Amino acid sequence: MADLKNGKDVPNVGEGDSVSKDVVYLEETFYILSKKNSVFRVRLTPKGLSLTKETDGNSKEQTILLGDIIGSKCMRSKRRRTGAGSCVCSSFVGNHQLKVVDENSGDLDENDISAYLYIYAYILKRSRRTLKRERTTITLRFRSFDKYEDNNKEAQKWRSTIKCLIARQPITSVPPTNDKKLLVLLNPKSGPGKARELFQSKVVPILQEAEVPFDLHVTKYAQYAREFVRTRNVYGWRAILAIGGDGVLFEIMNGMFERLDWQQALVEVPLAILPCGSGNGLARTICHLFNEPYIPQNLTGLTMGVVKGRTAPMDVVRIETKASIMFSFLSVGWGLLSDIDIESERLRAIGGQRFAIWALARLVGLRTYKGVVSYAKIKDVSNLPKPKQPLTLSHSISQDGALDSPDAEAFIDADEHSEVFVNAINGKQHQRVDSWYSVNSRRSAFYSTRGSEYHSVTSSGSEMRSPVHACMHGPASHLPSLMSHLPSHWVQEHGEFVMVHVSYQPYIGEDFLFAPRSQLSDGIMWMLIIKAGISRSQLLSFLLGVSQGTHADMNNEYVKMIPVSAFRIVPEGTTGNLTVDGEVVEYGPIQAEIFPNIINLLVPDMK
Ligand SMILES: Nc1ncnc2c1ncn2[C@@H]1O[C@H](COP(=O)(O)OP(=O)(O)OP(=O)(O)O)[C@@H](O)[C@H]1O
């Protein structure tokens, strides 16, 4: 068995290129009780957990990638009811289920000296047309020594190494700790109203397995999340997670900019989003850019990013209207797309499909808007990476729905048909009976993470309503004031428009690949201008193209897509919709400029 290399630095673990392929951090051999001619070698390497089955000279290897592993825990066997079999070996065969408990539990079985190491992974699996994550639990049973303490020491060594590797930290005998909780701000009214249910069934189990404690606050009214982050000591949390649509994150981000210490807060407290709304443009963007499958209502991949704590910088856009200043991360819209977004609100209950239905209605009754559109064009975008093709998944259903079973008991992992693997090393004279077995845990469900707090929805919100008017801080503008003349190098277009929509992320909604060349942080806004005069059939092909991003290739007298660093829209008249990140703002002059790399966003591992 390879020694634990204490203090060894592990750079870029998980990417697998800068660490030698031959490095083995830990290695152990196991065998299966019912198949004594098979030997199983388990190795922990920079790539992940390698499981090799050797039978009669043949070997078969399976590797669970480090990027797919989210956590590891040591457990003890649970005390059995009187009359239940107490023999450790027999307890794993037949119809008995393994029940384990935390080592500090009062309900543990003192007679079982085994230490159990649970390794939790969500493996990316590709079937013919779909890519999805499946939950897998690997259980290693350490029973080599006569005392539980010694077996536990062995199991803890594996746990610490796994945890250090996940955190990309030097390997030490103590796992890395972060006592700070995750602040979760959840909008129960977002999208079809399933955020609470999805959090409980899809997110909490992963937080539990990764041992990430959280404080959950369910928003009680619009602007609750904004006031919350503006008025609290946010440094006490490891990150702020928005659960809902893009609107909750918009509130959180603007609450951060209303703090005097906005700069420090944004550096030290990363933001994250899990999509439960009807728009979900940023969540879809993150999945697109980090090659994570995006499956509506399946939060697994993004939650893995949240627990692992990897960050990526994101641009923000400072927006000025006559009455207010705000910061945006997604888009500014005027005309057709904003009309569809806002007017389809009445169909909120049906989720993202509301956009398609309303788009058809608005094509029939097409409106145009008069005004002036001005922009500072970015001349050279030739260095940008090629746009990525969207992963087409035909909205597959994840297998990990099995986590939902509410009547399950926590930590029941052994399947009735699971096999028992018994250690075969040390020439059989030593009575080592370490074992491992791997099962797809279909019955586990966890409902709270130790140390986590659920804040009642019904409790009074009075502590939150700050009497003091918020003042917007954030980076200072370089633009002339909204009513002043613009610099002469800006382009100006007067006329009648079907729409002007500006996006700084590839996706502005789940099915809207609006700016395929956009990156999270590139300092570029993509302005799409569609002028009046365009035929309905051209407009239809534009709307159909938006789901795959093919509309961006349309470039004719009516449609163009321009990279800009700042812009101003001055609509004529008083009726119409102007939106920022999908939320309505006052109708009138609006101007915007982009600031690169302001936000730290929690993102999944790049695959
Ligand atoms: N408890 C609440 N009650 C009512 N509105 C709320 C509550 N919490 C947040 N909001 C508001 O709900 C709006 C929409 O939120 P969110 O973006 O999460 O959902 P959504 O369904 O995706 O919405 P949208 O379609 O506008 O993107 C936000 O403007 C937010 O201010």
Side-chain angles (χ1 to χ4, degrees), residues 246 250 254 281 315-343 362 366-378 472 477-505 508-509 512 514-515 518 523-534 539 542 546 551-552 555 557-595:
D246 293 313
F250 176 82
N254 279 281
D315 299 343
V316 292
V317 170
R318 183 184 186 277
I319 299 199
E320 210 176 316
T321 65
K322 268 189 181 164
S324 55
I325 292 167
M326 69 201 84
F327 286 86
S328 148
F329 57 83
L330 199 61
S331 65
V332 173
W334 176 43
L336 182 66
L337 281 191
S338 299
D339 292 348
I340 293 169
D341 192 4
I342 300 311
E343 291 166 10
R362 291 293 289 104
L366 190 62
R367 292 178 210 145
T368 57
Y369 298 92
K370 283 186 182 158
V372 184
V373 179
S374 316
Y375 50 87
K377 184 172 176 179
I378 297 175
M472 189 56 86
S477 174
H478 304 124
L479 301 184
S481 72
L482 194 57
M483 306 317 284
S484 305
H485 284 297
L486 286 166
S488 57
H489 68 273
W490 280 46
V491 181
Q492 273 202 351
E493 301 199 20
H494 295 251
E496 210 167 330
F497 303 89
V498 169
M499 62 178 263
V500 176
H501 215 94
V502 189
S503 176
Y504 7 105
Q505 305 297 349
I508 55 170
F512 289 92
F514 187 85
S518 187
I524 300 173
M525 297 185 274
W526 291 91
M527 174 181 254
L528 181 91
I529 300 179
I530 300 187
K531 289 190 178 155
I534 187 170
L539 211 45
F542 159 79
V546 173
H551 69 287
N555 197 346
E557 65 176 304
Y558 297 112
V559 185
K560 63 183 164 195
M561 182 84 126
I562 311 147
V564 303
S565 59
F567 68 88
R568 181 186 285 176
I569 298 170
V570 183
E572 262 179 37
T574 51
T575 47
N577 285 310
L578 261 179
T579 55
V580 173
D581 294 359
E583 305 295 321
V584 186
V585 296
E586 60 170 316
Y587 197 67
I590 185 168
Q591 66 181 24
E593 64 198 297
I594 192 159
F595 291 88

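Just so it is clear, the model here is predicted, and its values are computed rather than measured. Only this structure's heavy atoms are used, side chains among them; waters, hydrogens and symmetry mates stay out.
Using a 4.5 Å heavy-atom cutoff, the side chains of K531 and E557 are not in contact. Residues F250 and V580 meet the side-chain proximity criterion, which asks for heavy atoms closer than 4.5 Å. At a threshold of 4.5 Å between non-hydrogen side-chain atoms, the residues K560 and M527 do not count as touching.
One distance of note links CE of M499 with CZ of R362; it measures 12.0 Å at 0.5 Å rounding. Rounded to the nearest 0.5 angstrom, W526 CH2 and I378 CD1 are separated by 8.0 Å. Residue E583 holds its CD atom at 10.5 Å from CG of N254, rounded to the nearest 0.5 Å. Between S477 atom OG and R318 atom CZ the span is 4.5 Å, to the nearest 0.5 Å.
A side-chain donor-acceptor contact under 3.5 Å links Q591 to the backbone of P480. Using a distance-only test at 3.5 Å, with no hydrogens or angles considered, a donor-acceptor pair links the side chain of E586 to the main chain of A323.
Residues that satisfy the side chain to side chain donor-acceptor pair (under 3.5 Å) test with S481, not counting sequence neighbours, are S484. In this structure E496 satisfies the side-chain contact (heavy atoms from CB on, under 4.5 Å) test together with T368, K370, A532, sequence neighbours excluded.
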Sequence neighbours left out, cut at 3.5 Å: what donor-acceptor pairs do the side chains of residues 326-337 make with other protein atoms?
residue: S328; atom: OG; partner: Y504; partner atom: OH; Å: 2.5
residue: S328; atom: OG; partner: D581; partner atom: OD1; Å: 2.7
residue: W334; atom: NE1; partner: Y587; partner atom: OH; Å: 2.8

For the pair I529 and H501, evaluate side-chain contact (heavy atoms from CB on, under 4.5 Å) and give the outcome as yes or no after the intermediate values. CA-CA 7 Å; I529 300 179; H501 215 94; over 6 Å; no

For I524 and I594, run side-chain contact (heavy atoms from CB on, under 4.5 Å): C-alpha distance rounded to whole Å, both residues' side-chain angles, the deciding distance at 0.1 Å, then the answer. CA-CA 7 Å; I524 300 173; I594 192 159; 5.7 Å; no

Show, in sequence, the C-alpha distance, side-chain angles and deciding distance for F595 and H478, and conclude whether the ring-ring contact (aromatic ring centres under 6.0 Å, His included) test is met. CA-CA 10 Å; F595 291 88; H478 304 124; 5.6 Å; yes

Could you walk me through whether V500 and L528 pass the side-chain contact (heavy atoms from CB on, under 4.5 Å) check? CA-CA 6 Å; V500 176; L528 181 91; over 6 Å; no

Working for side-chain contact (heavy atoms from CB on, under 4.5 Å), residues H485 and W490: CA-CA 10 Å; H485 284 297; W490 280 46; over 6 Å; no

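Of all heavy-atom pairs between I319 and A592, the closest is CG1-CB, 4.1 Å. Across all their heavy atoms, G281 and D246 have their closest contact at N-OD2, 2.8 Å. For the residue pair I590 and L482, the shortest heavy atom distance occurs at C-CD1, 3.9 Å. Considering all non-hydrogen atoms of both residues, S565 and M525 come closest at O-CE, 3.1 Å. Pairing each heavy atom of G588 with each of L578, the nearest pair is O-CD1, 3.2 Å. Shortest non-hydrogen contact noted between R568 and M483 is NH2-N, 4.5 Å.
Checked against a 6.0 Å centroid threshold, the rings of Y375 and H489 do not count as neighbours.
For Y369 and D339, the side-chain atoms include at least one donor-acceptor pair closer than 3.5 Å. With 3.5 Å as the limit, one finds no donor-acceptor pair spanning the side chains of E493 and S374.
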